[in-house]
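In this text the structure is predicted, and so the values were computed from the model without any measurement. Quick note on labels: first sequence line is chain A, next is B, and so on, each numbered from 1.
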There are 2 protein chains.
Amino acid sequence: MKADADIAGEKPGDMPEEQAGAPGGRIRQATMAHILAAAEQVFAEAGYAGASMSRLAKAAGLPKPNLHYYFGSKQALYTAVLQNILALWLDAADDILPERDPAEALSAYIRAKMAHSRDRPHASKVFANEVLRGAPELHSYLGLELRRIVDEKALVLEGWAKRGLMDAVDARHLFFAMWAMTQTYADFDVQIRAVLGVRELDDAAFETARLTVTRLVLRGCGVTMKEAACP
Amino acid sequence: MKADADIAGEKPGDMPEEQAGAPGGRIRQATMAHILAAAEQVFAEAGYAGASMSRLAKAAGLPKPNLHYYFGSKQALYTAVLQNILALWLDAADDILPERDPAEALSAYIRAKMAHSRDRPHASKVFANEVLRGAPELHSYLGLELRRIVDEKALVLEGWAKRGLMDAVDARHLFFAMWAMTQTYADFDVQIRAVLGVRELDDAAFETARLTVTRLVLRGCGVTMKEAACP
DNA sequence: GTCTATAACAAGATAGAC
DNA sequence: GTCTATCTTGTTATAGAC
């Protein structure tokens, strides 16, 4: 087995027995994390239907039955991959807080989302594939948890607008725009690379992308850019 | 067979025999257009791998072998659907011309793209699915035809910037942003409806979306909005 | 041109030896 | 815990009657 199984961020040698939500020994957890990491990539490239168990197994470097042994079914493995991604997704909006400066908070949010697109493109693609299919696994998450977060953050933006710190922009549609503009660098990377005529999106390309998105959002919200966009 | 087979925009009773690129009689063309319309929807909802021939056949209201009779293979049917979509995709940027006013031209472009997302969401989703998979069928299109168009339009924007009509924004990344913001209303509609807590995106929602996107782009480019954004 | 019947194969899942 | 061999089902595609 390969050694890059630390995707779930488990602390090695922490608990001697088990833990809530992650039963089993350390080797079991490591194997499962390894399978999840490989599966995320395959599901990202092929979608749910296009990812066969044999392909998933080959990507993990294991025989097919082992995947069934650990996750039961393809469906369950896919759900586990999605769950792994949502945990990553949720804490991105932590910068949007009432007491912060709008320009800085929005810049930080865009920076975090762009970093996600760069560092975890597979996660973004799996999520995109799922939503494109009609989000059969994420319906409740989108309608409950995500909706609650957006409602909460929309209040923050409306508060900023009332205090004259930014224009009164529709907060929800602003979020849709920020999600779309940042995630497109992960989901549609093939198209972007083709149009730019480059083999890879390097640091400079991502920096230009981040600055462009930040500029559109900050100016669109009527907040001054200052040096918040430049690290 | 249902009567909504006029998607390809064929002129009924035009030519008695054949035409380049569309051989066969009128009923043949009508049947093929009907299959293509149904297939677009199924490919959009299920992706390439998730769309089985039986499902495609059921959606078209025909037995499976008929689809093979007309298109040969699932692959060929899919390619035909994509080809149909590209024709639609290409003429959206017709508004970006040097002699036009930036605010009006960009507003018109965003309006056209939003209208596409509203009127042909399935087309957008098929395209998104294809690019997510790595664009195996569209690699040459993206790297040649689309790239050429974007290069051409980028020159127009740079011309506007030199004449002081707008700020010097990276034109290519601005296009990525406009594509992402507008297409998200087709591709991620499930997520948007869930967050907004509505069953359907109605006229008002699309108008708010369009105004938000237009605002971000025009202000981000430093062009005055005037009434160009309002019909 | 249309459709029933079926071939050839790959899918998800499991039994059972190790 | 691990993996070979296999079962069942659904897949694309086609043969051949109508």
From C-beta outward on [X], which listed nucleotide comes closest to its side chain: [options]?
{"X": "B:Pro63", "options": "D:dT2, C:dC3, C:dG1", "value": "C:dC3"}
{"X": "B:Ser52", "options": "C:dG12, C:dG1, D:dT12", "value": "D:dT12"}
{"X": "A:Lys64", "options": "D:dT12, C:dT2, C:dA13", "value": "C:dA13"}
{"X": "A:His68", "options": "C:dA13, C:dT2, D:dG1", "value": "C:dA13"}
{"X": "A:Pro65", "options": "D:dG1, D:dT4, C:dA13", "value": "D:dT4"}

Check the distance between [N]'s [atom2] and [X]'s [atom1] and give it to me in whole angstrom.
{"X": "B:Tyr78", "N": "D:dA13", "atom1": "OH", "atom2": "P", "result": "15 Å"}
{"X": "B:Phe71", "N": "D:dT14", "atom1": "CZ", "atom2": "C1'", "result": "18 Å"}
{"X": "A:Arg26", "N": "D:dG1", "atom1": "CZ", "atom2": "P", "result": "12 Å"}
{"X": "B:Leu67", "N": "D:dT14", "atom1": "CG", "atom2": "P", "result": "13 Å"}
{"X": "B:Ile35", "N": "C:dC3", "atom1": "CD1", "atom2": "P", "result": "11 Å"}
{"X": "A:Lys58", "N": "C:dA10", "atom1": "NZ", "atom2": "P", "result": "12 Å"}
{"X": "B:Tyr48", "N": "D:dT12", "atom1": "OH", "atom2": "P", "result": "8 Å"}
{"X": "A:Met32", "N": "D:dG1", "atom1": "CE", "atom2": "C1'", "result": "14 Å"}

| said: Does B:Ala51 reach a base, just sugar-phosphate, or nothing at all? Heavy atoms under 4.0 Å. | reply: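 Sugar-phosphate contact only.
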
| said: Using a 4.0 Å heavy-atom cut-off, does A:Tyr70 contact any base of the nucleic acid, only the sugar-phosphate backbone, or nothing at all? | reply: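 Sugar-phosphate contact only - A:Tyr70 comes under 4.0 Å of backbone atoms but never of a base.
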
| message | Centroid separation under 6.0 Å, is that true for the rings of B:His173 and A:Tyr185? | response |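 Close enough - the centres of the two rings lie under 6.0 Å apart.
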
| Output field: ring centroids A:Phe43/A:Phe127 closer than 6.0 Å |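 No, the ring centres sit 6.0 Å or more apart.
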
| message | One thing to verify: whether B:Asp95 and B:Arg111 come together as a salt bridge, which I'm taking to mean a side-chain N less than 4.0 angstrom from a carboxylate O. | response |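 Salt bridge absent between B:Arg111 and B:Asp95.
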
| request: Using a strict cut-off of less than 4.0 Å between a Lys/Arg side-chain nitrogen and an Asp/Glu carboxylate oxygen, indicate whether A:Glu45 and A:Arg55 qualify as a salt bridge. | output: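 Judged by the 4.0 Å cut-off on N to carboxylate O distance, A:Glu45 and A:Arg55 do form a salt bridge.
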
| said: Counting only side-chain nitrogens and oxygens, does A:Ser54 get under 4.0 Å of the OP1 or OP2 atom of C:dA11? | reply: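 Checking C:dA11 against A:Ser54, a side-chain N or O does come within under 4.0 Å of OP1 or OP2.
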
| query | Between D:dT12 and B:Ser73, is there an OP1 or OP2 to side-chain N/O distance shorter than 4.0 Å? | reply |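 Answer no for this pair, as no side-chain N or O of B:Ser73 is under 4.0 Å from OP1 or OP2.
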
| Contacts of B:Tyr48 that satisfy ring pair (Phe, Tyr, Trp, His ring centres under 6.0 Å) - sequence neighbours left out |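 Expected list: B:Tyr78.
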
